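Quick caveat: nothing in here was measured; it's all calculated off a predicted structure. Sequence lines set the chain letters: A, B, ... in the order given, protein chains first and strands last, and positions in each chain run from 1.
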There are 2 protein chains.
Amino acid sequence: MSTISDQSSNDPEGRSRIQSRNRETILTAGREVFARHGLRGARLDEIAAHAGMSKPNLLYYFPRKQDIYAAVLEEVLMGWLMPLDALDPDGDPVEELRRYISAKMALSAEQPEASRLFAGEILAGAPHIERFLKTDLRQLVEKKAGTIRRWVDEGRLAPIDPYHLIFTIWATTQHYADFDVQIHAVLGKQAGRAGFHDQAAQAVLSIILKGVAPR
Amino acid sequence: MSTISDQSSNDPEGRSRIQSRNRETILTAGREVFARHGLRGARLDEIAAHAGMSKPNLLYYFPRKQDIYAAVLEEVLMGWLMPLDALDPDGDPVEELRRYISAKMALSAEQPEASRLFAGEILAGAPHIERFLKTDLRQLVEKKAGTIRRWVDEGRLAPIDPYHLIFTIWATTQHYADFDVQIHAVLGKQAGRAGFHDQAAQAVLSIILKGVAPR
DNA sequence: TCCGATTTTGACCAAACAGTCAAGTTTCCG
DNA sequence: CGGAAACTTGACTGTTTGGTCAAAATCGGA
């Protein structure tokens, strides 16, 4: 007999309503706390408090702290590859890059915790996503770098190293999520206003696409 | 009677040779460990091991963990302002930006731990450098943004928001220190080779100054 | 409504951890 | 040398923290 509910109200993964809801609550709480303090620095009590439940209850769903971290991390990695993968070799190079940069900027605005969690994992030496980085990500980047190189060879893009272009895009777009606190401190309320992220996206697009030197 | 040594071999701050050496050793060890795990995630035993001394000995020099963190952080902040402050309003805009970007890239290559420590503090919500960010840094950035805006108004730079330009430069240059592990995973040995950082600096300079759209 | 399965939690435990202390060892200088 | 100050550390303490457990509360289908 399975320990998993046999109720008719199961989700696609065979979880009861309560399980689905609580797992989601915990994952959200974990994302926030892990994003701030990393795996080591995060405390179960803190995550439990964020999730609004007792610590033993939390451990009923995820037996160990590391399990929450792994689950949260996996969710985040999912959304990481997609935008880059959408870079279309047959599209207009400048337009494709504009789309990619815009998509990453939107992600930074909508899911800053995801970006921060990822950043923290990298800062810690990426012990939990080493395989992902060296296989999936590396392979995808290699493929897209080939696309960009082709664009350069065809003269449809300025001569630039594809890898460093990708790194530059990652750096600038994620900066707005990861260094959010710094940006707010430097800009004041201005950074919180509606439309700020669109303005940031415009500036980043302008710099990367056209550069800052006068024409 | 002071507890501080009266020996003739004192450094400018009144510390004995042994004190100077050990404090430096601890600060270096602390920088490495705090850069990886943040204030919360770092363990005194780990720092002590890195420094090659016993934990009580370490605490003889810095009574609390937080004291090491504060000392390390202050050192790092020192080197943070300087390069930006060197941006000369009377110099050639493109040349000044080139100098600034190069200086930041060099810092990323030479002191990646410093950059990572700073990044971790920001990710954690910057509780220990809030004042620094909102006063010193903000003031300096305001001043330099004025310089850049003037350059733009004079037509010596493409029309771009000065703040976002500064953020873009911070993002790209620090990315090479903070995300070092990711870059290595994606590029393989290539990223470790001599000259890699010069190549990266060239690419970043080219993108920010000239952009990637074809001319 | 009833009953077994699921969910929740207060009380607890063991390990990890920051920090103390007193007793040793080394260093420095007269 | 000799002795006082500076330095070092093994053994320890109190607290925090991840995780356990058994009992209570709730849920959901028949």
| said: As an exercise, state the distance from CZ of A/Arg138 to CG of B/Leu187, rounded to the nearest 0.5 Å. | reply: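 Nearest 0.5 Å value for the CZ-CG distance: 7.5 Å.
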Return the value, rounded to whole Å, for the distance between atom [atom1] of [X] and atom [atom2] of [N].
X       : N      : atom1 : atom2 : value
A/Lys65 : C/dA16 : NZ    : P     : 13 Å
A/Arg23 : C/dT6  : CZ    : P     : 15 Å
A/Leu44 : C/dT9  : CG    : P     : 15 Å
A/Ile18 : C/dT8  : CD1   : C1'   : 10 Å
B/Arg43 : C/dA15 : CZ    : P     : 16 Å
B/Leu58 : D/dG10 : CG    : P     : 14 Å

Does the distance from a Lys or Arg side-chain N to an Asp or Glu carboxylate O, for [X] and [Y], drop under 4.0 Å?
X        : Y        : answer
A/Glu95  : A/Arg98  : yes
A/Arg149 : A/Asp161 : no
B/Arg36  : B/Glu113 : no
A/Arg116 : A/Glu121 : no

| query | Where does the angle between the aromatic ring planes of A/His175 and B/Phe167 fall among parallel (under 30°), tilted (30 to 60°) and perpendicular (over 60°)? | reply |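 Tilted: the ring planes of A/His175 and B/Phe167 meet at 30° to 60°.
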| task | Specify whether B/Trp170 and B/Trp80 have parallel, tilted or perpendicular ring planes, treating 30° as the upper limit for parallel and 60° as the lower limit for perpendicular. | result | perpendicular
Under 4.0 angstrom between [X] side-chain N/O and [N] OP1 or OP2:
X       : N      : answer
B/Asn22 : D/dT8  : yes
A/Asn57 : C/dT7  : no
A/Ser16 : C/dT7  : yes
B/Arg17 : C/dT27 : no
B/Gln19 : D/dC7  : yes
A/Tyr60 : C/dT7  : yes

| task | Run the ring-centre check on B/His164 versus A/Phe196 and record whether the distance is less than 6.0 Å. | result |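 Yes: the rings meet the under 6.0 Å criterion.
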| message | If the condition is ring pair (Phe, Tyr, Trp, His ring centres under 6.0 Å), which residues does B/Tyr100 pass it with, not counting sequence neighbours? | response |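 In terms of ring pair (Phe, Tyr, Trp, His ring centres under 6.0 Å), with neighbours along the sequence ignored, B/Tyr100 is linked to no residue.
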Contacts under 3.5 Å, N or O only, protein and nucleotides 20-23 of chain D:
none

| task | Find the bend of the helix from C/dT1-D/dA30 to C/dG30-D/dC1 as the angle between its two terminal axes (five pairs each), to the nearest 10°. | result |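 Angle reported: 20°, given to the nearest ten degrees.
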| said: Both B/Asp45 and A/Met53 contact DNA chain C. Taking the nearest nucleotide for each, which residue is further toward the 5' end? | reply: A/Met53
| said: Using a 4.0 Å heavy-atom cut-off, does A/Phe62 contact any base of the nucleic acid, only the sugar-phosphate backbone, or nothing at all? | reply: nothing
| task | Classify the nucleic acid contact of B/Ala42 as base, sugar-phosphate or nothing, counting any heavy atom under 4.0 Å across all strands shown. | result |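 Answer is sugar-phosphate: B/Ala42 comes under 4.0 Å of backbone atoms only.
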| request: Could you list all the ring-ring contact (aromatic ring centres under 6.0 Å, His included) pairs where at least one residue sits in residues 130-151 of chain A, not counting sequence neighbours? | output: none
| message | Around atom CD of B/Glu24, are there more than 12 heavy atoms from other residues, nucleotides or ligands closer than 6.0 Å? | response | yes
| note | Contact check, residues 32-41 of chain B vs DNA chain C, heavy-atom distance under 4.0 Å, returns none
| task | Apply side chain to side chain donor-acceptor pair (under 3.5 Å) to B/Ser115 and list each qualifying residue two or more places apart in sequence or on a separate chain. | result | B/Asp178
